[in-house]
S.K.: 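I have a structure here, written as structure tokens, and I will follow up with some questions on it.
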Amino acid sequence: MGRSRRTIPEELLLLALDPATGTTAQPQSLDLGLAGAQLVELALAGRIAPDGDRIAVVLPRPTGDPTLDSALELLRRRGSPVRAVHWIGGPRLGLRQTYLTHLERCGMVHAVSGQMCGVLPTTRYQATETAISREIRARLDTAIRTGVPPDPRTAALAALAHAVGLGKHLYPGNEGRSCRSRLRDLIRHDPMGGLVAHAVMDVQNGVGAQSRRAQAGTASGPSSGRSAARATASAAGPARHLPDQARHLAGGMVRAGAR
């Protein structure tokens, strides 16, 4: 896989960078989105393919991208197809920083050191190749405003941008409401992007953690399975009636309890 083309994780990260503050929008969900974007990029490279709600390695040959190849090798070692929600919900420590460092090395962003409260060191990243960020944004805008079916890469990027909550960052306020709705609708144009985007949203809502607990309970025996099911229902029930932000917080609490 040549490095002349930007990968979907890189483009998703550039979309999330705030040009004014140098911070990334939706940082927690963005980490999930980057893991999902790797799956989409590997699928477009012909290395993996969807198998129901699971991901199967169909060609373990390296792509030439070290970060993608690391993910591919981890998938290969699993030995059998893995559920997308379990893969995306797994630990991905440092993934966002890995991509920020790569973008800095390529000259697309530069690091700005600072301090929080005058004490804690901080690093912000600001885009230097603004034309690239504008081109990525223009592709989304075209797909949203023309209604013409986008190419698979743009469709997958749109699906992931919606899944991690970038809609309000890209199209803020009441005037952006229709664009946010169309961004969500672009999920249907790419099966792999749609699968991964829904998995990202499921993880945010605690579905991955709940299903793992239910499976563990079933393996322990009938009574344990019933207990796990009651615990899952108890944990999931209130979250269904909360606003989006609170539901995501509840999903995070469920995941934290499962660790």
Side-chain angles (χ1 to χ4, degrees), residues 6-37 40 88 95-97 99-100 103 108-112 114 116 122-151 153-190 193-194 196-205 239 241-252:
R6 294 181 303 275
T7 65
I8 292 176
E10 293 163 5
E11 292 195 331
L12 183 66
L13 188 49
L14 286 171
L15 274 180
L17 275 178
D18 189 311
T21 65
T23 59
T24 52
Q26 305 289 357
Q28 292 183 334
S29 55
L30 179 62
D31 290 344
L32 302 175
L34 290 174
V40 176
I88 291 169
L95 186 58
R96 188 178 1 139
Q97 187 58 50
Y99 276 109
L100 283 169
L103 290 175
M108 294 187 200
V109 303
H110 72 277
V112 180
M116 181 183 296
T122 62
T123 303
R124 297 178 293 114
Y125 291 85
Q126 293 187 310
T128 53
E129 294 287 344
T130 54
I132 293 176
S133 297
R134 287 197 300 269
E135 183 271 328
I136 297 169
R137 176 67 180 271
R139 280 166 38 214
L140 281 186
D141 289 346
T142 299
I144 286 171
R145 296 193 167 114
T146 66
V148 176
D151 64 274
R153 301 185 70 83
T154 302
L157 181 63
L160 287 161
H162 166 71
V164 304
L166 290 184
K168 291 183 179 180
H169 168 71
L170 298 170
Y171 306 102
N174 287 333
E175 64 274 15
R177 185 178 300 172
S178 61
C179 288
R180 293 196 299 270
S181 177
R182 291 171 191 155
L183 181 69
R184 178 197 63 215
D185 292 342
L186 289 176
I187 285 181
R188 71 180 188 274
H189 288 292
D190 180 61
V196 169
H198 282 108
V200 168
M201 291 184 283
D202 283 346
V203 172
Q204 292 181 80
N205 291 326
H241 304 288
L242 295 174
D244 286 347
Q245 184 178 2
R247 185 166 64 250
H248 292 170
L249 177 58

S.K.: Drop me the distance from Leu14's CG to Leu100's CG, to the nearest 0.5 angstrom.
M.R.: 9.0 Å
S.K.: Does a side-chain heavy-atom distance below 4.5 Å link Leu166 with Leu183?
M.R.: no
S.K.: Only counting residues at least two apart or in another chain, list the ones meeting side-chain contact (heavy atoms from CB on, under 4.5 Å) with Asp18.
M.R.: Ala20, Thr21, Thr23, His169
S.K.: Provide the closest heavy-atom pair for Asp31 versus Arg96 in the form atom of the first, atom of the second, distance.
M.R.: OD1-NE, 2.8 Å
S.K.: Quick one, Leu157 with Arg153, criterion side chain to side chain contact (heavy atoms under 4.5 Å, CB included). Give me CA distance, side-chain angles, the key distance, then yes/no.
M.R.: CA-CA 6 Å; Leu157 181 63; Arg153 301 185 70 83; over 6 Å; no
S.K.: Dump the intermediate steps for side chain to side chain contact (heavy atoms under 4.5 Å, CB included) on Thr142 and Val148, then the final yes or no.
M.R.: CA-CA 8 Å; Thr142 299; Val148 176; over 6 Å; no
S.K.: Taking only residues two or more places apart in sequence or in another chain, which ones pass side chain to side chain donor-acceptor pair (under 3.5 Å) with Arg188?
M.R.: none
S.K.: Begin with the C-alpha distance, continue with both residues' side-chain angles, and end with the deciding distance and a verdict on side chain to side chain contact (heavy atoms under 4.5 Å, CB included) for Leu15 and Leu140.
M.R.: CA-CA 10 Å; Leu15 274 180; Leu140 281 186; 3.6 Å; yes
S.K.: What residues, two or more places apart in sequence or in another chain, satisfy side chain to side chain donor-acceptor pair (under 3.5 Å) together with Thr154?
M.R.: Arg139, Asp151
S.K.: Can you list the residues that meet the side-chain contact (heavy atoms from CB on, under 4.5 Å) rule with Arg182, with sequence neighbours excluded?
M.R.: Ile144, Ser178
S.K.: Please walk me through it: do Asp202 and Ile88 pass side chain to side chain contact (heavy atoms under 4.5 Å, CB included)?
M.R.: CA-CA 10 Å; Asp202 283 346; Ile88 291 169; over 6 Å; no
S.K.: Tell me, do Pro150 and Leu186 make a side-chain contact under 4.5 Å, heavy atoms counted?
M.R.: yes
S.K.: Applying side-chain contact (heavy atoms from CB on, under 4.5 Å), name anything that partners Thr123, two or more places apart in sequence or on another chain.
M.R.: Ala111, Tyr125
S.K.: Regarding Arg6 and the six-membered ring of Tyr99, is the cationic atom NZ or CZ under 6.0 Å from the ring centre and inside 45° of its axis?
M.R.: no
S.K.: For the side chain of Thr128 and the backbone of Met108, is there at least one donor-acceptor N/O pair under 3.5 Å apart?
M.R.: yes
S.K.: How long is the straight-line distance from CG of Leu160 back to CG of Leu12, given to the nearest 0.5 Å?
M.R.: 6.0 Å
S.K.: Which atom pair, heavy atoms only, marks the closest approach of Gly33 to Val164?
M.R.: CA-CG1, 3.5 Å
S.K.: How close do Leu95 and Ala35 get, heavy atom to heavy atom, and via which atoms?
M.R.: CD2-N, 3.7 Å
S.K.: Listed by chain and number, what are the side-chain contact (heavy atoms from CB on, under 4.5 Å) partners of Pro172, not counting sequence neighbours?
M.R.: none
S.K.: Where is the tightest heavy-atom contact between Val40 and Gly193, given as atom of each residue plus distance?
M.R.: CG2-CA, 4.1 Å
S.K.: Within a strict 4.5 Å, meaning less than it, do heavy atoms of the Gln26 and Lys168 side chains meet?
M.R.: no
S.K.: Give a yes or no on whether the backbone of Gly194 and the side-chain of His198 come within a donor-acceptor separation of less than 3.5 Å.
M.R.: yes
S.K.: Which heavy atom in Asp190 sits nearest to a heavy atom in Ala155, and how many Å separate them?
M.R.: CB-CB, 3.8 Å
S.K.: Taking Arg177 for the side chain and Tyr171 for the main chain, is one N or O donor matched with an acceptor at less than 3.5 Å?
M.R.: no
S.K.: Taking all non-hydrogen atoms of both residues, which atom of Ser29 and which atom of Gln204 are closest, and how far apart?
M.R.: CB-OE1, 3.3 Å
